[in-house]
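The structure appears right after this line, and notes come after that.
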Amino acid sequence: MFTIKQIEEAHNKMTSGADFPKYIQEIKQLGVTSFETFVKDGHTIYYSDNDYKTISESLYNSLVIKNESDKKQFINYLKIHQNGETDFFTFCDHCAETGIEKWIMNLDEMTCTYYNIKNNEILVEEIPV
């Protein structure tokens with residue numbers, strides 16, 4: 001089974017959102033089938049087959065997630081992040097600002113679903129490979 005250390009090593013190879021597809025392929029090869037990242041503090045729960053899961057530590061002090069979602073602004077922030085113009089923390093700060101509480105990456109379906117604080121889907125996108 002994979003470890004948080006292995007995932008962190010793969011994550012540390014990313015310098016921007018533009019490197020994200022390579023990161024996804026690397027952790028998928030480790031056996032990760034999905035993961036859920038929480039914007040509040042950046043911790044992530046990684047899942048694999050056979051009910052295995054492991055949880056990362058918080059990455060930063062708690063952010064306040066807005067109660068109301070701003071899907072249009074979130075999509076703008078997401079695009080600039082995916083173009084490599086922001087780092088992970090800035091992206092998470094933008095998520096909090098636009099009411100995104102978490103995202104779930106499904107590596108079998110190669111989708112990423114963003115949720116607001118009410119657990120409503122805000123955006124589903126395909127993960128580029």
Quick one: do [X] and [Y] end up in the same hydrophobic cluster if we chain Ile, Leu, Val, Met, Phe, Trp and Tyr together by side-chain heavy atoms under 4.5 Å apart?
X      : Y     : result
Ile65  : Leu78 : yes
Met105 : Ile55 : no
Val32  : Tyr52 : yes
Tyr60  : Met14 : yes
Phe38  : Leu59 : no

Take atom [atom1] in [X]; do more than 12 heavy atoms of anything else shown fall under 6.0 Å from it?
X      : atom1 : answer
Asp108 : CG    : yes
Asn119 : CG    : yes
Lys40  : NZ    : no

Report all side-chain donor-acceptor pairs from residues 42-49 shorter than 3.5 Å, counting only partners two or more places apart or in another chain.
residue : atom : partner : partner atom : Å
His43   : ND1  : Asp41   : OD1          : 2.7
Thr44   : OG1  : Thr37   : OG1          : 3.0
Tyr47   : OH   : Glu36   : OE1          : 3.3

Close side-chain approach of [X] and [Y], heavy atoms under 4.5 Å:
X      : Y      : value
Lys102 : Tyr114 : no
Met110 : Ile24  : yes
Asn120 : Tyr115 : no

Any chance you could measure [X], atom [atom1], to [Y], atom [atom2], to the nearest 0.5 Å?
X      : Y      : atom1 : atom2 : answer
Thr33  : Asn106 : OG1   : CG    : 7.5 Å
Leu123 : Thr111 : CG    : OG1   : 10.5 Å
Lys28  : Ile127 : NZ    : CD1   : 8.0 Å
Gln25  : Leu30  : CD    : CG    : 11.5 Å
Glu68  : Ile117 : CD    : CD1   : 10.5 Å
Ile75  : Asp70  : CD1   : CG    : 9.5 Å

My understanding is that only residues two or more places apart in sequence, or in another chain, count here; which of them pass side-chain hydrogen bond (donor to acceptor under 3.5 Å, both in side chains) with Glu8?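 Result, side-chain hydrogen bond (donor to acceptor under 3.5 Å, both in side chains) vs Glu8: none returned.
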Measure across [X] and [Y] and return the closest heavy-atom pair with its distance rounded to 0.1 Å.
X      : Y      : result
Leu107 : Phe35  : CD2-CE2, 4.4 Å
Ser69  : Ile122 : OG-CD1, 3.7 Å
Cys95  : Val39  : CB-CG2, 3.7 Å
Ile4   : Ser56  : CD1-N, 3.6 Å
Ala10  : Ile27  : CB-CG2, 4.0 Å

Among Trp103, Phe74, Phe88, Phe91, find the residue that satisfies the ring pair (Phe, Tyr, Trp, His ring centres under 6.0 Å) test when tested with His81.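 Among the candidates, only Phe91 passes.
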Under the 3.5 angstrom rule, does the side chain of [X] hit a backbone N or O of [Y] as a donor-acceptor pair?
X     : Y     : result
Glu26 : Tyr23 : no
Thr98 : His94 : yes
Asn83 : Lys79 : yes

If you apply the rule side-chain hydrogen bond (donor to acceptor under 3.5 Å, both in side chains), what do you find for Thr90 with Asp93, and how did you get there? CA-CA 5 Å; Thr90 301; Asp93 192 47; over 6 Å; no
Tell me, please, which residues at least two apart from Lys5 pass salt bridge (Lys or Arg N to Asp or Glu O under 4.0 Å).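 Testing Lys5 for salt bridge (Lys or Arg N to Asp or Glu O under 4.0 Å), a comparison that skips the adjacent residues, returns none.
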Regarding Lys118 and Glu101, does a basic nitrogen lie under 4.0 Å from an acidic carboxylate oxygen?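 Glu101 and Lys118: not salt-bridged.
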